[in-house]
Amino acid sequence: MRDTPMDAADAIREQGFRRWYERQLIEGHAWLVTGFLSLILTAIAIEVISFGESIGGMLVLLAVGAGGAALCLYAWLRFNRQLFLAEHVAEQATCGACRTYGKLAIVSASRDASAVQGRSIRVRCRKCGHEWAIR
Ligand SMILES: [Zn+2]
C-alpha cells in the first residue's frame, strides 16, 4: 500500500466524488481497526513478558510490543488524516448555486500552499454548471 493517499483531485476525477468519499471513510475505518488490533497485540506482548521469559524470548516480545505500538500510532494518524480530509472536502461539495450535494466534475487542480492538500481543486456542478474551488 502506498504511504500517501492518492491525490484527492486525481482520485475524484477517476472515481467521482461520492465513490471517493465512501472509500475514504472505509479506508479510514480500516486504519482504525488496524490501530485497535495492534494495540491488542502490544498489550498481549507486554502481558506475556511479565510471566518470565528467557532473554531471547523477552527481546522478541519487546520487539513485537514496540512494533505493535508504532503500528498503532501510525494507524491512528492515518485514520485521523483520512477522515479529516474526507470531511474537509465533503463540506465544500455542495453547489453554491443549486445546493446539489456531491455531483461535481473536476475542472482543474492547481498548486495552492494555503489549501489543505497543497492543491486547490476547481470543480463544476453537474446539474447547473456553477463552478467553485475546493481548497
Ligand atoms: Zn449546481
Side-chain angles (χ1 to χ4, degrees):
M1 178 174 255
R2 94 185 82 203
D3 189 46
T4 50
M6 189 194 241
D7 183 80
D10 295 336
I12 293 170
R13 198 194 308 269
E14 212 171 87
Q15 304 161 4
F17 168 75
R18 284 166 190 252
R19 271 192 59 203
W20 172 82
Y21 181 66
E22 193 182 277
R23 285 193 59 172
Q24 295 306 299
L25 297 189
I26 292 168
E27 278 180 27
H29 285 94
W31 279 111
L32 183 65
V33 170
T34 303
F36 265 116
L37 293 179
S38 50
L39 187 65
I40 292 167
L41 178 74
T42 303
I44 290 172
I46 291 168
E47 187 69 24
V48 174
I49 287 173
S50 61
F51 275 93
E53 282 280 332
S54 66
I55 294 292
M58 210 166 121
L59 287 176
V60 168
L61 288 170
L62 275 173
V64 170
L71 180 61
C72 180
L73 181 67
Y74 178 76
W76 177 248
L77 294 174
R78 278 295 299 259
F79 165 72
N80 271 296
R81 191 172 68 183
Q82 204 142 5
L83 260 70
F84 169 78
L85 179 66
E87 291 311 317
H88 179 78
V89 173
E91 278 167 15
Q92 302 176 73
T94 301
C95 173
C98 71
R99 311 306 300 166
T100 299
Y101 172 74
K103 287 208 178 299
L104 45 87
I106 306 279
V107 177
S108 62
S110 55
R111 284 193 177 280
D112 182 348
S114 65
V116 160
Q117 263 212 323
R119 282 177 94 183
S120 173
I121 308 169
R122 189 102 195 132
V123 296
R124 182 190 300 120
C125 175
R126 285 188 196 278
K127 200 173 171 195
C128 74
H130 175 69
E131 283 191 19
W132 73 97
I134 292 178
R135 307 178 68 237

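In this text, all values refer to a predicted model and were calculated from it rather than measured experimentally.
Residues Q24 and L83 have side chains not in contact (no heavy-atom distance under 4.5 Å, counting atoms from C-beta outward). A 4.5 Å side-chain heavy-atom check between E87 and L25 finds at least one atom pair inside the cut-off. The shortest distance between side-chain heavy atoms of D10 and R119 falls below 4.5 Å. Using a 4.5 Å heavy-atom threshold, the side chains of I12 and V89 count as touching.
The CZ atom of R99 lies 11.0 Å from the SG atom of C128; values are rounded to the nearest 0.5 Å. The CG atom of L77 sits 10.5 Å away from atom CH2 of W31, with the distance rounded to the nearest 0.5 Å. Expressed to the nearest 0.5 Å, how far CG of L41 lies from CG of L71 amounts to 8.5 Å. To the nearest 0.5 Å, atoms CD (Q117) and CG (L85) are separated by 5.0 Å. Rounding to the nearest 0.5 angstrom, the gap separating the CG atom in L39 from the OG1 atom in T34 is 12.5 Å. For the atom pair CH2 of W132 and SG of C125, the computed distance is 5.5 Å after rounding to the nearest 0.5 Å.
Residues meeting the ring pair (Phe, Tyr, Trp, His ring centres under 6.0 Å) test with F79, sequence neighbours left out: H29, W76.
At most 12 non-hydrogen atoms from other residues, nucleotides or ligands lie less than 6.0 angstrom from CD1 of I55. Shown here is R23, whose CZ atom has no more than 12 heavy atoms of other residues, nucleotides or ligands within 6.0 Å. For Y101, the OH atom counts as densely surrounded, since its 6.0 Å shell holds more than 12 non-hydrogen atoms of other residues, nucleotides or ligands.
L37 forms part of a hydrophobic cluster together with V33, judged by ILVMFWY side-chain heavy-atom separations under 4.5 Å.
With hydrophobic clusters built from ILVMFWY side chains whose heavy atoms lie under 4.5 angstrom apart, F84 shares a cluster with I121. Transitive grouping of hydrophobic side chains (ILVMFWY, heavy atoms separated by less than 4.5 Å) keeps F36 and V64 in distinct clusters. Both Y21 and L32 belong to a common hydrophobic cluster when Ile, Leu, Val, Met, Phe, Trp and Tyr are linked at side-chain heavy-atom distances under 4.5 angstrom. Both L62 and V48 sit in one connected hydrophobic cluster of ILVMFWY residues. Membership requires side-chain heavy atoms under 4.5 Å apart, directly or through other members.
Under the 3.5 Å distance criterion, the side-chain polar atoms of Q92 are matched with a main-chain donor or acceptor of R135. Remark: side-chain polar atoms of E27 are not paired, donor with acceptor, to backbone N or O of Q82 under 3.5 angstrom.
Between W20 and F17, the ring-plane angle classifies as tilted under the 30° and 60° cut-offs.
When all heavy atoms are compared, the tightest approach of R18 to G102 is NE-O, 4.0 Å. Residues T42 and G68 share a closest heavy-atom pair of OG1-C, 3.0 Å. Contact detail for G35 and C72: the closest heavy-atom pair is O-SG, 3.4 Å.
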Just do the side chain to side chain contact (heavy atoms under 4.5 Å, CB included) check on H130 and L104 with the steps written out, would you? CA-CA 9 Å; H130 175 69; L104 45 87; over 6 Å; no

